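Order of the sequence lines sets the chain letters (A, B, ...), proteins ahead of strands, with each chain counted from 1. A quick note: this is a predicted structure, and the numbers were derived from the prediction, not measured.
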There are 2 protein chains.
Amino acid sequence: MAERKNLKVLVVDDEQDIIEILTYNLRKEGYEVATATDGVEAVKIASRFLPDVILLDIMMPNQDGVETCRQIREIEELQHAFIVFLTARSEEYSEVAAFEVGADDYINKPIKPRALLSRIAALFRREIKKEQEVSKISVRDLVIDRSSYTINKAGTTLVLPKKEFELLYFLAKNPNIVFSRDDLLQNIWGSDVYVLARTVDVHIRKVREKIGDDYITTVKGVGYKFEQN
Amino acid sequence: MAERKNLKVLVVDDEQDIIEILTYNLRKEGYEVATATDGVEAVKIASRFLPDVILLDIMMPNQDGVETCRQIREIEELQHAFIVFLTARSEEYSEVAAFEVGADDYINKPIKPRALLSRIAALFRREIKKEQEVSKISVRDLVIDRSSYTINKAGTTLVLPKKEFELLYFLAKNPNIVFSRDDLLQNIWGSDVYVLARTVDVHIRKVREKIGDDYITTVKGVGYKFEQN
DNA sequence: AATTAAGTTAACAATTTCTTAACAATACCT
DNA sequence: AGGTATTGTTAAGAAATTGTTAACTTAATT
């Protein structure tokens with residue numbers, strides 16, 4: 001997995017084992033890694049290492065993750081670093097506080113390396129997408145507006161429920177490309193949601209009901225696609 | 001859910017109940033399943049069964065999951081098998097050790113069959129995508145586009161059913177090479193599908209009907225080929 | 001807490017695609 | 001040319017996939 005230009009990750013955890021596993025896996029994927037074993041050290045190192053991602057254990061001696069996060073956010077150059085909290089399932093006390101101080105994501109231990117990596121990768125992808133993502137797209141006679149979750153078709157305005165909107169938006173954004181139901185689930189529902197593939201069909205049906213049958217076509221045995229013309 | 005070519009899963013757990021539930025669900029999804037009730041047996045069976053996925057209980061009599069995992073990883077042919085640990089929430093002693101010995105994922109009991117299945121499916125999706133090839137090929141006046149599942153011929157767009165599309169795609173990708181009906185069945189239908197060889201003829205006929213007779217030629221007594229010029 | 005909306009699942013219907021079998025047509029061989 | 005093997009073609013029905021509806025579950029809202 002090359003292609004990445006030297007992204008830097010700072011791992012902060014008081015357990016040496018966890019540091020080792022994460023470091024090992026991240027390096028294997030081509031990330032540059034630094035580590036810290038408590039909050040105070042973390043702030044110190046972060047300010048010099050300038051990581052793109054910070055994996056931060058919540059429960060730590062000396063200074064906990066929430067406070068550490070707050071301090072990191074005050075550092076100018078780390079304003080845009082991704083901060084991901086690591087936490088044991090039980091200690092949910094901080095869940096809310098975590099986001100309040102500016103965390104970007106939240107991962108429960110036990111940590112699954114693959115899941116973690118794919119989530120980190122996703123953070124960057126999201127970032128890239130945000131830059132390119134237009135809130136409004138026009139295809140054929142539809143104007144799909146992300147900011148209001150509405151579809152404008154020939155003067156009339158439709159409001160779609162979230163999933164239906166996302167589905168239409170995703171397909172319309174990638175016209176003429178067939179997506180399998182699993183692809184759609186991955187992209188719209190996310191990788192950690194387990195719903196039946198046929199759920200997609202129901203949403204497709206509802207979208208068609210609202211915008212008409214001739215936008216989304218079925219490729220039997222494969223999936224669905226949005227027809228450009 | 002077809003589409004999968006005989007993926008093999010080895011289930012290792014000392015509780016008969018769990019084995020049965022998992023086996024039942026996996027078989028229903030079309031996986032080939034073998035089972036073992038302790039670590040020693042697991043290694044023995046794994047080395048002959050050569051599973052693609054190994055679901056491994058951590059707490060087992062005789063030899064625990066971590067040690068078993070280590071031994072399995074030493075077997076050359078199982079280097080790339082996915083190993084997923086199953087564990088009761090409480091016993092987190094092994095969390096770290098598990099990944100150290102090369103586990104790929106980690107699932108807490110009680111196991112929700114659906115989540116498990118979708119996770120296993122996800123493991124393979126990643127693999128399969130890698131193998132995916134060029135999505136667009138141009139031969140003569142045809143453009144065969146895998147991403148939209150369409151054929152473009154001199155400005156007009158043709159939509160072929162899946163098998164016909166795959167057949168044309170395969171032949172066009174390897175022009176001027178004669179394939180026997182069995183070759184085509186192997187490559188397009190897969191190695192575990194048993195249909196009569198003459199089924200190919202029918203599909204060839206339909207493809208010819210749609211794109212014209214002068215692309216695919218018959219080599220009597222041998223098979224079919226796509227004519228480059 | 002009750003009500004409403006959204007999302008998911010399950011069941012059945014409708015449709016399309018695939019496969020088979022039968023017969024016709026064609027090429028190949030002696 | 002006649003016989004044989006192979007392929008072309010068609011149509012019927014099997015199998016697989018998708019459409020559609022309604023019941024149910026979950027989440028949001030009042």
Side-chain angles (χ1 to χ4, degrees), chain A residues 149-151 158-171 178-185 187-190 192-225, chain B residues 1-4 25 28-30 112-115 117-118 149-151 158-171 178-185 187-190 192-225:
Chain A
Y149 271 47
T150 56
I151 315 292
L158 305 167
V159 182
L160 303 199
K162 193 164 162 186
K163 284 269 154 54
E164 290 169 36
F165 180 89
E166 298 287 4
L167 184 54
L168 175 59
Y169 182 79
F170 181 81
L171 288 170
V178 184
F179 294 95
S180 71
R181 291 171 177 74
D182 282 341
D183 286 340
L184 295 170
L185 287 177
N187 282 291
I188 297 162
W189 276 254
D192 49 355
V193 178
Y194 309 112
V195 290
L196 297 180
R198 298 267 348 246
T199 300
V200 174
D201 299 36
V202 178
H203 286 279
I204 289 280
R205 157 88 209 330
K206 289 183 177 167
V207 172
R208 280 175 176 162
E209 192 170 71
K210 286 162 189 165
I211 66 167
D213 286 348
D214 49 340
Y215 294 92
I216 299 169
T217 58
T218 305
V219 179
K220 208 161 184 175
V222 187
Y224 297 100
K225 69 173 166 175
Chain B
M1 181 149 284
E3 215 33 56
R4 246 185 250 111
N25 280 284
K28 206 172 60 180
E29 285 293 305
K112 293 173 196 152
R114 186 169 293 156
L117 291 171
S118 119
Y149 257 83
T150 56
I151 315 291
L158 305 169
V159 181
L160 305 200
K162 194 168 161 182
K163 284 265 154 56
E164 292 168 35
F165 181 91
E166 299 288 3
L167 183 55
L168 174 58
Y169 183 80
F170 181 81
L171 288 170
V178 185
F179 293 97
S180 72
R181 291 172 176 74
D182 282 339
D183 286 341
L184 295 170
L185 286 177
N187 282 292
I188 297 161
W189 275 253
D192 52 348
V193 178
Y194 305 107
V195 289
L196 297 180
R198 298 277 337 256
T199 300
V200 174
D201 299 36
V202 178
H203 282 96
I204 290 280
R205 158 86 210 333
K206 289 184 177 165
V207 172
R208 281 174 175 162
E209 191 170 73
K210 285 163 189 164
I211 66 168
D213 287 347
D214 50 340
Y215 294 91
I216 298 170
T217 58
T218 305
V219 179
K220 200 160 185 172
V222 187
Y224 298 99
K225 70 172 169 176

Atom-pair distance (NZ on K162(A); P on dG7(C)), nearest Å
8 Å
Please confirm whether any donor atom in the side chain of K163(B) sits under 3.5 Å from an acceptor in the base of dT17(C), or the reverse.
no
Whole-Å distance, H203(B) NE2 to dT10(D) P, equals 16 Å
Rounding to an integer number of Å, can you tell me how far D182(A) CG sits from dT17(D) P?
13 Å
Within less than 4.0 Å of OP1 or OP2 of dT20(C), is there a side-chain N or O belonging to T199(B)?
yes
What is the distance from CZ of R198(A) to C1' of dT8(C), rounded to the nearest Å?
12 Å
Verify the contact: side-chain N or O of T218(B) to OP1 or OP2 of dG8(D), cut-off strictly under 4.0 Å; return yes or no.
yes
Of all the choices, dT7(D), dG7(C), dA21(C), which nucleotide is nearest to the side chain of L196(B) once you look at every atom?
dA21(C)
dT20(D) OP1/OP2 closer than 4.0 Å to side-chain N/O of R208(A)
no
Under 3.5 Å: donor-acceptor pair, side chain of R181(A), backbone of D201(A):
no
From C-beta outward on E209(B), which listed nucleotide comes closest to its side chain: dA27(C), dT18(D), dT10(D)?
dT10(D)
Using whole Å, what does the distance between atom P of nucleotide dG19(D) and atom CD1 of I216(A) come to?
10 Å
Looking at every strand, decide which applies to V159(A) at a 4.0 Å heavy-atom threshold: base, sugar-phosphate, or nothing.
nothing
Measure up the Y149(A) and F165(A) rings against each other and bin them: parallel (under 30°), tilted (30 to 60°), perpendicular (over 60°).
parallel
Heavy-atom nearest pair, K225(B) first then L171(B), reads CA-CD2, 4.4 Å
Closest non-hydrogen atom pair between L184(B) and V200(B), with its separation
CD1-CG1, 3.8 Å
Distance in angstrom units between W189(A) CH2 and dG7(C) P, rounded:
9 Å
Length of the line joining Y149(B):OH and dT17(C):P, which is rounded to integer Å
13 Å
OP1, OP2 of dG19(D) versus side-chain N and O of Y224(A): anything below 4.0 Å?
yes
Mind calculating the distance between CZ (R205(B)) and P (dC18(C)) to the nearest angstrom?
15 Å
What nucleotide among dT21(D), dT20(C), dT18(D) has an atom nearest to a side-chain atom of V202(A)?
dT21(D)
Please work out if V219(A) contacts a base, only the sugar-phosphate, or nothing of the nucleic acid, heavy-atom cut-off 4.0 Å.
sugar-phosphate
Need to verify one output field. Residue with the more 5' nearest nucleotide on DNA chain D, D201(B) or K206(B)?
D201(B)
How many angstroms lie between atom CD1 of I216(A) and atom CZ of F179(A), to the nearest 0.5 angstrom?
12.0 Å
Of the options dT26(C), dC18(C), dG7(C), whose atoms approach the side-chain atoms of P161(A) most closely?
dG7(C)
